[in-house]
Amino acid sequence: MKTTLLSKENNTVKFTMDFTAEEFDAAVEKAYKAQRNQFQIDGFRKGKAPRSIIEKHYGEGIFFEDAINNMFQSSYPVAIDELELEVIDSPAADFSEIGHNKPLTVTITVPVFPIVEVKDYKGVEVEQVKAVVKEDDVNREVEAMQKRNARIASTENPAKEGDTVVLDYAGFCGEDQFEGGTAENQELKLGSNTFIPGFEEQLIGAKAGDSVDVKVTFPTEYHAEDLAGKDAVFKCTVHEVKEEILPELDDEFAKDVSEYDTIDELKKSIEEKLVKYAEEQSMNDAKNEAIEAVYAANTVETPKTLVEDQIDMMAQELDHQLRYQGLSLAQYLEFVQKKPEEFREDLREDATKRVATRIILRSIAAAEEIKIGTDELDAEIKNMAEMYHVPEEQVVSMIGGNMDFFVQDLEVKKAIDMIYDNAKITMVDEKTVKEEETEE
């Protein structure tokens, strides 16, 4: 097969696939061998009739359609790779005159990912919030570490919020004890809001050995319909009260929970990590603002196929998130009273913007001739391997046949970095930004 590019304009490519007469006849012979068992010709056992007899009986072109389909399916991907095309929809095909001992030319017209001319992507004006880490931020991190390393101990003191009580309870509506409202040696952390509203607060002040009647009203939308909206009393017996005992924030604590010898060194390390995170967050927010500015300055026609694919992807992402919560997308749509087509329309505006933004960024990458070298690709794979704590070979295996898309994403990231590097950045205080948002 010979592939020839005829034209590439308006995001549509036209090319030919030329097959010799020998290649076409070989495809016809292959189609005959695959189908001959379907033919019963008088004088021959089923599947044993020669190709010439079948063609004479049913017509010369009896195997042409399958031969062409097989040639197309095997040759079209090769032609796409050879011409380095990123097709986004099904192709249209025209055929030359078809017959035995004749070459075959297939003319393909297919839409490809649009690369457009992008204006005003250099020198965009962006406000970037200064990365600031306060002492309170550091203290909150240290206190979180302190709580994670707290020990739990029984106490004779009255229970307070944050303590854990071990209790038996039995629930009654009037004089009747209801099913599912009893437990023994149940642990309950006060303030966790895991029980019915009002339950935990009434156990504050209780001590080991106390009996407490907890009076509550079940929510009107409670999952047990026979209890929804009803008043109830839980007769509770407190067996034990446990409290958190926090370690002292001293040098010994630092040695126990980190590689540092002093609490000051630990705090300094935490501050450095918070500063690094704040700077990265500040830069990423500024990059997003720069992308928004470039998007606003350009009008891009978005192919319907790409928008529909993006909607599919967004719907799949939501379905994946819902399944973590024990729901399906169908159940979610039923709950919000949306038809699937209405749900898709709700996603269309955002999907269209995402597609347009990607077209813009891909086009900038093309205009700036941004490419990902082998060293950059290897470095990214190494970073991912370290991030997920897996061998680099496993990362490559995870990417699989999507390596081209993976590289495209890296090119887009470089394009975003280029936009940011060429932007006019004004550093502002967080207070200034918030004040402007309030005024707007």
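What you see is a predicted model, and the numbers here were worked out from it, not measured in a lab. Every heavy atom of this structure was used, including side-chain atoms; hydrogens, water molecules and symmetry mates were not.
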Next on the checklist: A quick test of your reading: do over 12 heavy atoms of other residues, nucleotides or ligands sit less than 6.0 Å from NZ of K371?
Outcome noted: no

Item to check | Any side-chain heavy-atom pair of K207 and V238 under 4.5 Å | outcome: no

Checklist entry - Just checking, is any N or O donor in the side chain of D18 or T105 under 3.5 Å from an acceptor N or O on the other one? => result yes

Checklist entry - If you count the non-hydrogen atoms of other residues, nucleotides and ligands that lie under 6.0 Å from CD in E341, is the total more than 12? => result yes

Checklist entry - Going by an N to O cut-off under 4.0 Å, is there a salt bridge joining E292 and K353? => result yes

Checklist entry - Would you say V212 and L167 make side-chain contact, with heavy atoms under 4.5 Å? => result no

Checklist entry - Is the Y332 ring parallel, tilted or perpendicular to the F343 ring (thresholds 30°, 60°)? => result perpendicular

Checklist entry - After noting the C-alpha distance and the side-chain angles of M398 and M384, does the key distance pass the side chain to side chain contact (heavy atoms under 4.5 Å, CB included) rule? => result CA-CA 11 Å; M398 289 164 56; M384 291 182 65; 5.6 Å; no

Checklist entry - Taking side chain as C-beta onward, heavy atoms only, is I152 less than 4.5 Å from T164? => result no

Next on the checklist: Determine whether E141 and K273 satisfy the following criterion, salt bridge (Lys or Arg N to Asp or Glu O under 4.0 Å), listing intermediate values before the conclusion.
Outcome noted: CA-CA 11 Å; E141 291 294 320; K273 290 178 182 177; over 6 Å; no

Checklist entry - Which residues satisfy the salt bridge (Lys or Arg N to Asp or Glu O under 4.0 Å) test with K338, sequence neighbours excluded? => result D346

Next on the checklist: Tell me whether the count of non-hydrogen atoms from other residues, nucleotides or ligands lying under 6.0 Å of NZ in K14 goes above 12.
Outcome noted: no

Item to check | salt_bridge(R348, E308) N-O dist < 4.0 Å | outcome: yes

Checklist entry - At their closest point, which heavy atom of T262 faces which heavy atom of D251, and how far apart are they? => result CA-OD1, 3.3 Å

Next on the checklist: Between E280 and N284, does the side-chain hydrogen bond (donor to acceptor under 3.5 Å, both in side chains) criterion hold? Intermediate values first, please.
Outcome noted: CA-CA 6 Å; E280 290 176 350; N284 288 335; 6.0 Å; no

Next on the checklist: When you measure from the side chain of Q310 to the backbone of T352, do you find a donor-acceptor pair of N or O atoms at a distance under 3.5 Å?
Outcome noted: no

Checklist entry - Within the distance-only criterion (no hydrogens, no angle test), does the side chain of K414 pair as donor or acceptor with the backbone N or O of A365 below 3.5 angstrom? => result no

Checklist entry - Quick one: does E376's side chain get under 4.5 Å of L410's, heavy atoms only? => result no

Checklist entry - Would a distance-only check, ignoring hydrogens and angles, find a side-chain to backbone donor-acceptor pair under 3.5 Å from E125 to K424? => result no

Checklist entry - Does the S363 side chain pair with the main chain of I359, one donor and one acceptor, at a distance under 3.5 Å? => result yes

Next on the checklist: Please evaluate residues L188 and L203 with respect to the criterion side chain to side chain contact (heavy atoms under 4.5 Å, CB included), reporting the C-alpha separation (whole Å), side-chain torsions for both, the decisive distance (0.1 Å), and the verdict.
Outcome noted: CA-CA 10 Å; L188 172 62; L203 290 172; 4.0 Å; yes

Next on the checklist: Walk me through whether F253 and L266 qualify under side chain to side chain contact (heavy atoms under 4.5 Å, CB included).
Outcome noted: CA-CA 10 Å; F253 173 78; L266 175 59; 4.2 Å; yes

Item to check | Test applied, side-chain contact (heavy atoms from CB on, under 4.5 Å); reference residue, E342; option that passes from K339, R344, E345 | outcome: K339

Item to check | E127 backbone acceptor or donor facing E289 side chain under 3.5 Å | outcome: yes

Checklist entry - Which pair of heavy atoms, one from K189 and one from S192, lies closest together, and at what distance? => result O-OG, 2.7 Å

Next on the checklist: Is the ring pair F195/F199 parallel, tilted or perpendicular, if the boundaries are 30 and 60 degrees?
Outcome noted: perpendicular

Checklist entry - Do the side chain of N10 and the main chain of T12 share a donor and acceptor less than 3.5 angstrom apart? => result no

Item to check | Minimum heavy-atom distance L347-A315, with the two atoms named | outcome: CD1-N, 4.2 Å

Item to check | Considering all heavy atoms, the nearest M418-Y121 contact | outcome: CE-CE1, 3.6 Å

Next on the checklist: Is it the case that atom CD in E317 sees more than 12 heavy atoms from other parts of the structure closer than 6.0 Å?
Outcome noted: yes

Checklist entry - If you look only at pairs with a residue in residues 396-409, which of them pass as a side-chain hydrogen bond (donor to acceptor under 3.5 Å, both in side chains), with sequence neighbours excluded? => result E86-Q408, R358-D409, R362-Q408

Item to check | Residue that, paired with T16, satisfies side-chain contact (heavy atoms from CB on, under 4.5 Å) out of L6, T3, I108 | outcome: L6

Next on the checklist: Does E201 have more than 12 heavy atoms from other residues, nucleotides or ligands lying within 6.0 Å of its CD?
Outcome noted: yes

Next on the checklist: Using a 3.5 Å distance criterion without hydrogens, assess whether the side chain of S74 forms a donor-acceptor pair with backbone atoms of M71.
Outcome noted: yes

Next on the checklist: My understanding is that only one of T107, T4, I80 makes a side-chain contact (heavy atoms from CB on, under 4.5 Å) with F15; could you say which?
Outcome noted: I80

Checklist entry - Under 6.0 Å from the CZ atom of F95, do we count more than 12 heavy atoms belonging to anything else shown? => result yes

Item to check | Student check: side-chain heavy atoms of F19 and V106 closer than 4.5 Å | outcome: yes

Next on the checklist: For a salt bridge (Lys or Arg N to Asp or Glu O under 4.0 Å) check, start with the C-alpha distance between E252 and K255, then their side-chain angles and the critical distance, and finish with the verdict.
Outcome noted: CA-CA 5 Å; E252 290 302 316; K255 292 176 183 178; 3.7 Å; yes

Checklist entry - Near E392 CD, under 6.0 Å, is it more than 12 heavy atoms from other residues, nucleotides or ligands? => result yes

Checklist entry - If you look at every heavy atom in E117 and N298, which pair is closest and at what distance? => result O-OD1, 4.2 Å

Item to check | Contact summary for Q202 and V214, nearest pair of heavy atoms | outcome: OE1-CA, 3.4 Å

Next on the checklist: Set out, in order, the CA-CA distance, both residues' side-chain angles and the distance that settles salt bridge (Lys or Arg N to Asp or Glu O under 4.0 Å) for K276 and E271, then state yes or no.
Outcome noted: CA-CA 9 Å; K276 182 180 179 181; E271 181 182 12; over 6 Å; no

Checklist entry - Has the side chain of N11 got a donor or acceptor atom that lies under 3.5 Å from a matching backbone atom of V112? => result no

Atom pairs and distances, side-chain donor-acceptor, residues 229-236, under 3.5 Å, sequence neighbours left out:
residue : atom : partner : partner atom : Å
K230    : NZ   : D226    : O            : 3.0
D231    : OD1  : T217    : OG1          : 2.7

Next on the checklist: Taking P247's backbone N and O only, do any of them form a donor-acceptor pair with Q146's side chain (distance below 3.5 Å, no angle check)?
Outcome noted: yes

Next on the checklist: Any carboxylate oxygen within less than 4.0 angstrom of a Lys/Arg side-chain nitrogen, looking at D137 and R140?
Outcome noted: yes

Next on the checklist: Looking at D375, is its backbone amide N or carbonyl O close enough to the side chain of D378 to form a donor-acceptor pair, meaning the two atoms are under 3.5 Å apart?
Outcome noted: no

